[in-house]
2 protein chains.
Amino acid sequence: MTPHSPSPRSRRERPAKPALTRAGIVATAVELMRAEGLERVTMRRLAQELDTGPASLYVYVRNTAELHAAVLDELLGEVDLSPVRSAGDWRDRLARLLTSYVEVLFEHPALARSALVARPSGEHYLDLVEAVLALLAEGGAAPERAAWGLDLLLQYGTATAAEHSTRAESADAQRDREALTAVLDNSSPDRHPQITALGPDLIAGAGEARLAWGFQVLLSGIVTAPDPDTTPAAGTGADAGTGAGAGAGADKNSAPDTATDTTP
Amino acid sequence: MTPHSPSPRSRRERPAKPALTRAGIVATAVELMRAEGLERVTMRRLAQELDTGPASLYVYVRNTAELHAAVLDELLGEVDLSPVRSAGDWRDRLARLLTSYVEVLFEHPALARSALVARPSGEHYLDLVEAVLALLAEGGAAPERAAWGLDLLLQYGTATAAEHSTRAESADAQRDREALTAVLDNSSPDRHPQITALGPDLIAGAGEARLAWGFQVLLSGIVTAPDPDTTPAAGTGADAGTGAGAGAGADKNSAPDTATDTTP
DNA sequence: ACCTGAACACCGTTCAAGT
DNA sequence: ACCTGAACACCGTTCAAGT
């Protein structure tokens, strides 16, 4: 029974206290999130789960944000990348890929929120980026266009997931919706004629269709909009880029990378 | 000097303790945020500023989220709505309006973050929504298209602002960027050929131009993409909506409001 | 009826002191 | 050299008890 010699009956009925490693910490964090939600994945709670003090975690993880980023990357392993190498139109396959990404994040909106602030850089995230770029390239997007388009697409997916409220907050979310509905009902036709006219259309849910339409809009726009270089910052010229976007869009859509608008 | 009779020299050199009102609380919260950042606008810190205990605030404000929402709406009063009634192409004016929105949020990214979760419903927010809808209507967008487009545009602006790190976090943000750069440098051409090929293009900053291009993409897409009703959820058909978006786009752009896609 | 002191149940992060 | 107990400096929210 001395601290040095293990007692005869300690034939590891329970792993007792496995050595701390970064991988082990992250794995436990993922488990904890699955069981209790990201809001419970705190340094203190996690340390408790690992039978140690919170200070010990700081040997392996810089801070809470980094921990959450690691958890996120782990989760991104679940994204279905198969559309990249499947048959069919690149737009549809890209939409399927991104929908899978959003579905994974939907399970943990708080994680999506953190992804919006601290850009991830894990292995699984890179696989996702690679996949999106491959499909954009297949669609003929020139490098810069693809890089910027990637940002737009992932940001849209991430933000959409982030907007979804966690179960815990759903009571508040419902209050939000009620408040907005009340405001819309009371909207004055004088001050807010457009809002009054649209009415309930403004909060028409149909989340799935909305998400799909958003991807369509982005894909059309990414292929169609004028070349990044020629787009002036808003607030400059009054007629710059006016109809050029969709005007030349039809042509450019056929061969986006051969567009001539690099020269204004 | 008795508690009841005011002492002669108390000719309100300091307002002592103004009665609590919701408006007063929110005004103080805005001041506090301007002075110390949103992260300091906590119930406890705010109560201290108002010379009372945190419990007192709960008489006027449901919780911290609602407080932050009220602060946000106050801030949105600074958005420049003049592009709605100015001359020029509706796209450029809409871009200017949204750029102003983003500029206001850029000052307080944490507030943008909260806007992403709890959708605002204050007066100033409604004014902004009304303005965006008016410009979309001017561009000939049909009601449903306008409603969905509104969401896309505001979400893009909000998310872009939310991504910007607060001063306090800028050290972390820089580390993020360094980490990402390191990852890109080490990216293997085998596993991530697209990423390796694009290289530094992926993190090319030029925030202003990127934002402007994003608005262009969205506006092109909103006008151009197939009708919301006809957009199938991703993962369904393989050829649905393939080229229809930009294909019919050129026509639709000339007279978007006379488009016949209400009837499939 | 209206307001609030004090308590409950938590946080992240650091650092001096241990092994 | 590596690890961590204990402390510092905070949080949001509730509710019983006061005026």
Side-chain angles (χ1 to χ4, degrees), chain A residues 2-5 16-26 28-29 32-33 35-71 110 113-114 117-118 165-173 175, chain B residues 2-4 16-26 28-29 32-33 35-71 110 113-114 117-118 165-166 168-173 175:
Chain A
T2 62
H4 291 103
S5 59
K17 204 175 167 180
L20 283 183
T21 60
R22 200 190 139 97
I25 288 171
V26 173
T28 308
L32 187 55
M33 181 187 65
E36 309 186 7
L38 187 73
E39 64 276 9
R40 293 283 183 230
V41 184
T42 66
M43 294 303 235
R44 292 181 107 105
R45 181 74 182 75
L46 183 56
Q48 175 187 317
E49 205 70 17
L50 289 162
D51 248 317
T52 182
S56 308
L57 302 183
Y58 285 83
V59 179
Y60 307 94
V61 167
R62 193 189 301 276
N63 52 36
T64 308
E66 196 193 287
L67 174 68
H68 287 179
V71 168
R113 246 111 68 189
S114 81
V117 184
S165 36
T166 323
R167 280 140 290 174
E169 301 163 342
S170 71
D172 291 313
R175 254 196 284 272
Chain B
T2 63
H4 290 102
K17 202 175 167 180
L20 283 184
T21 60
R22 200 189 139 95
I25 288 171
V26 172
T28 307
L32 188 55
M33 182 187 64
E36 309 186 8
L38 187 73
E39 64 275 11
R40 293 283 182 228
V41 183
T42 67
M43 294 304 235
R44 292 181 107 105
R45 181 72 183 74
L46 182 56
Q48 176 188 317
E49 205 70 17
L50 289 162
D51 248 316
T52 181
S56 307
L57 302 183
Y58 284 82
V59 179
Y60 306 95
V61 167
R62 192 188 301 275
N63 53 34
T64 308
E66 197 194 286
L67 174 67
H68 287 178
V71 168
R113 246 110 70 190
S114 82
V117 184
S165 37
T166 322
E169 300 163 342
S170 69
D172 292 312
R175 254 194 284 271

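Throughout, a chain's letter reflects where its sequence line sits, starting with A, and its residues are numbered from 1.
- Computed from coordinates, the B:R44 CZ to C:dC11 C1' distance equals 11 Å when rounded to whole Å.
- Rounding to the nearest 0.5 Å places CG of A:L46 at 6.5 Å from OG1 of A:T28.
- Whole-Å rounding puts the B:R62 CZ to D:dG12 C1' distance at 15 Å.
- Between B:T42 atom OG1 and B:E49 atom CD the span is 10.5 Å, to the nearest 0.5 Å.
- When the side-chain nitrogen and oxygen atoms of A:T42 are compared with OP1 and OP2 of C:dC11, one or more of them lie within a distance under 4.0 Å.
- Listed pair B:T64 / D:dC11 fails the phosphate criterion, with no side-chain N or O lying under 4.0 Å from OP1 or OP2.
- Between B:H68 and B:V41, the shortest heavy-atom distance links the atoms NE2-O, 3.1 Å.
- Closest to the side chain of B:T52, from the set C:dT4, C:dT14, D:dT13, is C:dT4.
- Nucleotides of DNA chain C nearest to B:G53 and A:P54 differ in position, and the one nearer the 5' end is that of B:G53.
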### Query
Taking only Watson-Crick and G-U wobble pairs with both distances under 3.5 Å, what dot-bracket line describes DNA chain C, where [ ] shows pairs that cross earlier ones and | shows pairs with another strand?
||.|||||...|||||.||

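- Going from atom OH of A:Y60 over to atom CD of A:E66 covers 14.0 Å, rounded to the nearest 0.5 Å.
- Considering only side-chain N and O atoms, B:S56 lies nowhere under 4.0 angstrom from the phosphate OP1 or OP2 of C:dC3.
- Taking atom CG on B:L50 and atom C1' on C:dG5, their separation rounds to 17 Å, with Å as the unit.
- Distance CE (B:M43) to P (C:dA7): 21 Å, rounded to an integer number of Å.
- Smallest separation of non-hydrogen atoms from A:A29 and A:L67: CB-CD1, 4.1 Å.
- Taking atom CZ on B:R40 and atom C1' on D:dC10, their separation rounds to 9 Å, with Å as the unit.
- At whole-Å resolution of the value, CG in B:L67 and P in D:dG12 are 9 Å apart.
- For the pair A:D51 CG and D:dG5 P, the computed distance is 11 Å after rounding to whole Å.
- Straight-line distance between the P atoms of D:dA9 and C:dC8: roughly 22 Å, to the nearest whole Å.
- Relative to the side chain of B:A55, the nucleotides D:dC15, D:dT13, D:dT4 differ in distance, and D:dC15 lies closest.
- Looking at every heavy atom in both residues, A:L57 comes nearest to A:A47 through CD1-N, 3.8 Å.
- Nucleotide D:dC15 holds its P atom 12 Å from the OH atom of B:Y58, rounded to whole Å.
- Among all heavy-atom pairs drawn from B:T64 and B:M43, the shortest one is OG1-CG, 3.7 Å.
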